[in-house]
Amino acid sequence: MSDKNKLPLIYQLLLNRFGYQGWWPIRAEGEHNSNYHPKDYSFPKNDNELFEICVGAILTQNTSWKNVETALLSLRRHNAMSPSGIKRLPASKLAQIIHSSGYHNQKAKKLKAFVDFYLNNKGIITRESLLNLWGIGPETADSMLLYGYKVPIFVVDAYTRRIMGRIGFKENSYGDIQKLFMENLPADHKIFNEYHALLVELGKNICKSKPMCNYCPLKSICKYGNLR
DNA sequence: TTCCAGGCAATAC
DNA sequence: GTATTGCATGGA
């Protein structure tokens, strides 16, 4: 099997093992916490939910979602989970509120920069314009576009790179890996959504820095797994 | 104690 | 142009 033909197969194997993931975790009407909503691709349903996804995308940079969740709760408690709420706060105060997410001084500055942009560009958000902002790189921009704006663009993260590298794909840069997925799968935001979430699930639980290949649903097609 | 987490910008070479 | 370093909290 050629490498490219593996992409749909990997998706099926991951889906069979882990099931639908229901990303992006979001606090819906009447819910207290951010929750996953498997097989429901209607989120975000409004501007508040969209904004919350964008905030989460910035806060989760190189940080566990658990720490981000604490920071999101803190923002809500301080009445600051909105563009105006964040704009009104001094960066130092904002940093205190989100401290559990780590890098809180940097992330406070990133949130401020994003909010200014967001308020000045209602609804018109391009990848390029996001990348021009201080604090937003390719993964954060693509996460906002895919999970917030339902744009069919593939999100590449550290897990994706590790997993694809171990399986034996030669593509290594963000752009090359992204192209690999986008040129060999239907351009459907629901599929890109699940696929990325499933890769995270595999990377978190099995294809860790110390991989547990014996439990891996991809063992049969993985170069690294077959060496073990 | 050490390592790692749903990156990015600044700096060094 | 690529490699390294600083940013920081919290759980395993």
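These values consider heavy atoms only, across backbone and side chains, with no hydrogens, waters or symmetry-generated copies. In what follows, chains carry the letters A, B, and so on, assigned in the order in which the sequence lines appear, proteins first and then strands, with residues in each chain numbered from 1.
Between the side chains of Thr140(A) and Ser143(A), no donor-acceptor pair is found at a separation under 3.5 Å. If you check the side chains of Asp142(A) and Gln178(A), you find a donor sitting under 3.5 Å from an acceptor. Side chains of Glu52(A) and Asn48(A): no donor on one and acceptor on the other come within 3.5 Å. There is a side-chain donor-acceptor pair under 3.5 Å between Asp157(A) and Thr160(A). Residues His78(A) and Gln96(A) have side chains that never bring a donor and an acceptor to within less than 3.5 angstrom of each other. A donor-acceptor contact under 3.5 angstrom links the side chains of Tyr41(A) and Glu194(A), judged on distance only. The closest side-chain donor-acceptor pair between Asn226(A) and Lys219(A), if any, does not fall under 3.5 angstrom.
Distance CG (Asp157(A)) to C1' (dG7(B)): 10 Å, rounded to an integer number of Å. Atom pair Ile97(A):CD1 and dT9(C):P shows a separation of 16 Å (rounding to whole Å applied). One interatomic measurement links the two molecules: CD of Glu69(A) to P of dG10(C), which rounds to 14 Å at whole-angstrom precision. Whole-Å rounding puts the Asn172(A) CG to dA3(C) C1' distance at 13 Å. Going from atom NZ of Lys208(A) over to atom P of dG11(C) covers 17 Å, rounded to whole Å. With rounding to whole Å, Lys210(A) atom NZ is found 11 Å from dC3(B) atom C1'. For the pair Lys109(A) NZ and dA9(B) P, the computed distance is 10 Å after rounding to whole Å. Across the protein-nucleic acid pair, Leu59(A) atom CG and dC8(B) atom C1' stand 14 Å apart, rounded to whole Å.
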Would you please test Trp23(A) and Trp65(A) for ring pair (Phe, Tyr, Trp, His ring centres under 6.0 Å) and show each step?
CA-CA 12 Å; Trp23(A) 275 38; Trp65(A) 183 256; 7.8 Å; no
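Minimum atom distance to the side chain of Trp134(A) is reached by dA10(B), of the listed dA5(B), dC8(B), dA10(B).
Both the sub-6.0 Å distance and the 45° axial angle are not jointly satisfied by Lys107(A) relative to the ring of Tyr103(A).
Nucleic acid contact for Leu199(A): none, since no nucleic acid atom lies under 4.0 Å from a heavy atom of the residue. Nucleic acid contact for Ala158(A): sugar-phosphate only, since backbone atoms but no base atoms lie under 4.0 Å from a heavy atom of the residue. In this structure, Phe114(A) reaches neither bases nor backbone, as no heavy-atom distance under 4.0 Å exists between it and the strands shown.
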Can you name the atoms? Protein N/O to nucleotides 4-8 of chain C N/O, anything below 3.5 Å, with the distance.
unit_1	atom_1	unit_2	atom_2	d
dA8(C)	OP1	Tyr103(A)	O	3.3
dA8(C)	OP1	His104(A)	N	3.3
dA8(C)	OP1	Asn105(A)	N	3.0
dA8(C)	OP1	Gln106(A)	N	3.2
dA8(C)	OP2	Asn105(A)	ND2	3.4
dA8(C)	O4'	Tyr103(A)	N	2.9
dA8(C)	N6	Tyr103(A)	OH	2.3
dA8(C)	N1	Tyr103(A)	OH	3.0

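Using a 4.0 Å cut-off, some side-chain N or O of Arg162(A) falls inside it from OP1 or OP2 of dA5(B). Taking only side-chain nitrogens and oxygens, Ser209(A) never comes nearer than 4.0 Å to OP1 or OP2 of dC3(B).
Residues of residues 20-27 of chain A having a heavy atom closer than 4.0 Å to DNA chain C: none are found.
When each of Leu111(A), Leu94(A), Leu119(A) is checked for a side chain to side chain contact (heavy atoms under 4.5 Å, CB included) with Lys87(A), only Leu119(A) meets the rule.
Nearest-nucleotide positions on DNA chain B place Lys66(A) closer to the 5' end than the other of Leu133(A) and Lys66(A).
Across the P atoms, dC8(B) and dG10(C) are found 22 Å apart, a figure rounded to whole Å.
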